[in-house]
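Encoded as C-alpha cells, the structure appears first; notes follow it.
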Amino acid sequence: MSPFIAEEGAFWLSSVLLGIAIAFVYDCLRVFRRVVVHGTVMISLEDLFYWVFVSFRFFYLLYSENDGTVRWFAIAGAFVGMLLFEKTVGPIFVRYVSAALLWIKGVATKAMRVFLTPFRRMKSAAGRRAASGKRCLKRGFRLAKKRLTVWGRVAKMVLCGRRKRRQRGE
C-alpha cells in the first residue's frame, strides 16, 4: 500500500472520529436539555456555541491534517461518523443517561426537601411570631399616639390658657 493512500485513509478515519465526537457532544447537550429545562433563548445560545466549537474543531482538523484544504471526503467522513453514532449509540445514550440523571435529580430534590423541612417550619413559625409581634407593636404605637395626642391637647390648652391670661393681665 502506498504511503499516500495510508495517509489519506488516516485522514478520512480522523474525520469519521471527529464526526463521532461531534455527535457525542451534541447528545451530551441533548441530555443536559432534558435534565435542565430552559427556554428557547438559552437553547439558541447553546446551539450557537456548539456550532462555533464544531467549526473550529473541523477547521483544526483540516488545517493540521490537510494544510487547510477543504476536501469533500473529509466532510463526508464527518457526516458518516455522525450518522454512525446517531444510528447506533446515540439514542440509547440520550435515553438512559438522561433517565439516570433525572432520577438522581429527583432523589436529590426529595432529599433537600426532607433536609430543609425543619428550616421551613422554623421560618413559618418565626413568621407567625414576627406577625404577632408586629401587631403588638402596631397596637403599642397607636396607644402611644393617642396618649401623646391627649397630652398634646392638654399642653395646648395650658399654654393657650396662660397666653389668654397674660393678655387679660392676670
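In this chain, residues are counted from 1 in sequence order. The analysis underlying the following values was restricted to heavy atoms, covering all of them including side chains, and did not include hydrogens, waters or symmetry mates.
For the ring-ring contact (aromatic ring centres under 6.0 Å, His included) test, residues two or more places apart in sequence or in another chain that qualify with F11 are F73. When the side chain to side chain contact (heavy atoms under 4.5 Å, CB included) test is applied to T40, no partner is found at least two apart in sequence or on another chain. With sequence neighbours excluded, the residues forming a ring-ring contact (aromatic ring centres under 6.0 Å, His included) with Y26 are Y50, listed by chain and number. Considering only residues two or more places apart in sequence or on other chains, Y60 meets the ring-ring contact (aromatic ring centres under 6.0 Å, His included) condition with none of them.
Cluster annotation: V37 is not connected to L29 through the hydrophobic network of ILVMFWY side chains, with a link wherever side-chain heavy atoms come within less than 4.5 Å. In the hydrophobic clustering of ILVMFWY residues, with side-chain heavy atoms under 4.5 Å counting as a link, F59 and V52 come out apart. Note: the hydrophobic cluster containing L62 also contains F79 (ILVMFWY, side chain heavy atoms under 4.5 Å, direct or indirect links). Residues W51 and L61 fall within the same hydrophobic cluster, defined by Ile, Leu, Val, Met, Phe, Trp and Tyr side chains chained together at heavy-atom separations under 4.5 Å. By the rule that hydrophobic residues join a cluster once side-chain heavy atoms approach within less than 4.5 Å of another member, V25 and F49 end up as members of separate clusters.
Closest non-hydrogen pair, V94 versus V31, comes out as CA-CG2, 3.8 Å. Across all non-hydrogen atoms, the minimal contact from H38 to V36 is ND1-O, 2.6 Å.
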Start with the C-alpha distance between F32 and S98, add both sets of side-chain angles, then the distance that settles side-chain contact (heavy atoms from CB on, under 4.5 Å), and finish with yes or no.
CA-CA 8 Å; F32 176 70; S98 62; over 6 Å; no
Begin from the C-alpha positions of R33 and D47 and carry the test salt bridge (charged side-chain N to carboxylate O under 4.0 Å, His left out) through to its verdict.
CA-CA 11 Å; R33 288 177 183 168; D47 280 341; 2.6 Å; yes
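Ring-plane geometry between F24 and F85 is classed as perpendicular, the angle between the planes exceeding 60 degrees on a 0 to 90 degree scale with a lower cut at 30.
Once rounded to the nearest 0.5 Å, the distance linking CD1 of I43 with CD of E46 reads 6.5 Å. Atom OG1 of T109 sits about 11.5 Å away from atom CD1 of I104, to the nearest 0.5 Å. Taken to the nearest 0.5 Å, the NZ atom of K105 stands 10.0 Å off from the CG atom of L101.
Taking Ile, Leu, Val, Met, Phe, Trp and Tyr as hydrophobic and joining them when side-chain heavy atoms fall under 4.5 Å apart, one finds Y96 in a cluster with I92.
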Name every donor-acceptor pair, under 3.5 Å, that has one atom in a side chain of residues 13-23 and the other anywhere in the protein, sequence neighbours excluded.
unit_1 : atom_1 : unit_2 : atom_2 : d
S14    : OG     : A10    : O      : 3.0
S15    : OG     : W12    : O      : 2.6

